[in-house]
Amino acid sequence: MSIEYRPIKKVLIANRGEIAVRVIRACRELGVKSVAVYSVADKDSLHVQMADESICVGPPPGKDSYMNVPNVIMAAKQTQADAIHPGYGYLSENAAFAEACEVSGLTFIGAPPDAMNHMGDKAEARNFAKKARVPVIPGSNGPVTSESEALRQARKIGYPVLLKAVAGGGGKGIRLARDSEEFATNLRLAKTEAAASFGSAEIYIEKLVTDARHIEVQVMADAHGNVIHLGERDCSVQTPRRQKVVEEAPAISIDPKIRARMTECAIRLTKQVGYRGAGTIEFLYDHEGHFYFMEMNTRLQVEHCVTEALTDTDLVQMQLLVASGEKLPISQKDVTFKGHNIEVRITAEDPEQGLMPTSGIVSRVMFPGGPGIRVDSHIYSGYELPPYYDSLLAKLIVHAPTRQKAIDRMNRALIETSVDGVKTNLPLLRKIMQDPEYHEGSVNTDYLKRLLQPVEGV
């Protein structure tokens, strides 16, 4: 089969914040022009200042600007961009948007629409995983159609169970039922949140795997049938709402044979679904050494930077090359893993108020430097943080020869970091890096619950 080669000369970035800045930098190194889109609230944002061109796509709410498909497509046409990079969030996993790009003659720098549809439906994704011989968590074979059926499924699976939105993501549309008494109430809550967040109230049921870690494998595929993995990340440090806070690569205390099976499963599933581009296969890994498929993220992820540090690669540049029809620039044998790497997410959230989002003017910001430190951010001193968007302010990534040295380096980097004018989660990040349990590496997805207590402000 012949693969069409469509060289990319100008990329419109259908996103904002630090990921827009990240894509602009990748484009610049490849000699590709960049176009920033922005809402009225983001006219002074860093990505607007850095891009070669910029164009307004609507009022402040994301649904009216960054997720306004006609406006984004029109912006690409007006600026004569030939490709669109969706970043993550917003339109990045919207199959209809990807199809609209292709119909408009624009290259979509992301997954094929069919793959998004297959893996975006969590029940269908489980079936694909089974076909690829990937272990799945015990659960219903698809969405439950009635409350009585759901109760029967829950009894068959065994409590506690998770009620999860079929179209879910980002920790939304998930409720825990410990027994039949709270099942009905939480089923209604899950369906309501799923409908509000994703436009679908369909729910499926999954066994709760306790004392588990969240391990994910980064994959990259081209249109020529080549698929590679770039190692795994441990993303177990999460809020009770399943928002990731700290990521590490590689994951520690995993038997090499299990790691090999996990990465083999990730590649098999990527091939099974006919994937192209950057993607992530997410697993739960229990204390007995068993791993289970959770979902596939059909996009670049926030934590991609920690994998870039581990493998000394540029995943965004690879995305652009693959989207243009080129083969992957490296094969599996070329992928090497270096040292230990940790990423923390600095957010405009108040740990004293249950990590409630904050906004305001960043009166002063200072980021760290020195060997083995990378900062991805879109904020600057005097920047007004709009109240409409995600709370992520910056990602701080450190690289070192060993895990302990990486923790020491992250501690130093966090001491050097200050963000004045808005409340941030910096006190929480410092507490994690100084916590003996975190140093031991024995954390799981419930670890952060006990640490989410009022801490001293910066």
Side-chain angles (χ1 to χ4, degrees), residues 8-30 32-94 96-98 100-101 104 106-110 170 299-300 302 316 319-320 345-348 357-363 365 375-395 419 421-422:
I8 295 172
K9 297 179 180 179
K10 183 186 287 189
V11 174
L12 180 137
I13 303 149
N15 217 299
R16 64 177 302 279
E18 54 83 28
I19 183 56
V21 172
R22 170 74 184 87
V23 176
I24 290 168
R25 287 172 171 154
C27 288
R28 188 158 290 158
E29 290 189 14
L30 288 175
V32 174
K33 297 292 185 182
S34 60
V35 179
V37 298
Y38 63 94
S39 73
V40 172
D42 270 339
K43 61 183 176 62
D44 296 322
S45 289
L46 186 59
H47 76 287
V48 175
Q49 299 175 44
M50 287 182 61
D52 295 300
E53 299 175 52
S54 62
I55 183 169
C56 183
V57 287
K63 64 181 179 61
D64 298 326
S65 49
Y66 298 105
M67 296 184 72
N68 187 321
V69 172
N71 284 12
V72 170
I73 296 288
M74 186 182 300
K77 290 295 187 180
Q78 288 179 352
T79 58
Q80 297 183 316
D82 50 23
I84 293 182
H85 194 302
Y88 34 67
Y90 289 136
L91 297 169
S92 63
E93 293 179 284
N94 186 314
F97 175 64
C101 289
S104 301
L106 299 162
T107 297
F108 178 76
I109 304 172
R299 54 171 168 78
L300 192 70
V302 177
V316 179
Q319 282 188 296
L320 268 68
R345 303 188 190 192
I346 302 172
T347 58
T358 62
S359 60
I361 295 176
V362 178
S363 56
V365 60
V375 179
D376 276 25
S377 181
H378 63 288
I379 65 171
Y380 52 86
S381 296
Y383 173 67
E384 185 170 0
L385 185 64
Y388 311 100
Y389 311 117
D390 184 88
S391 61
L392 184 63
L393 300 178
K395 298 181 302 193
V419 180
V422 295

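No more than 12 heavy atoms of other residues, nucleotides or ligands shown are found within 6.0 angstrom of CD on Q80.
Formation of a donor-acceptor pair under 3.5 Å by the S377 side chain with backbone atoms of I379 is found in this model. A distance-only check finds a donor-acceptor pair linking the side chain of D82 to the backbone of K9 [under 3.5 Å]. Remark: side-chain polar atoms of Y38 are not paired, donor with acceptor, to backbone N or O of D44 under 3.5 angstrom. A distance-only check finds no donor-acceptor pair linking the side chain of H47 to the backbone of R22 [under 3.5 Å]. Between the side chain of K10 and the backbone N or O of V35 there is no donor-acceptor pair closer than 3.5 Å. No side-chain donor-acceptor contact under 3.5 Å links S34 to the backbone of V11.
Residue C101 forms a side-chain contact (heavy atoms from CB on, under 4.5 Å) with just one option from T107, I73, V72, and that option is I73.
Separation of atoms CD1 (I24) and NE2 (H378) is listed at 12.0 Å; rounding is to 0.5 Å.
Contact detail for V57 and N71: the closest heavy-atom pair is O-ND2, 2.8 Å.
Using cut-offs of 30° and 60° for the angle between ring planes, the Y66 and Y90 rings count as parallel.
With no hydrogens or angles considered, no side-chain donor-acceptor pair links Y388 and S39 at under 3.5 Å.
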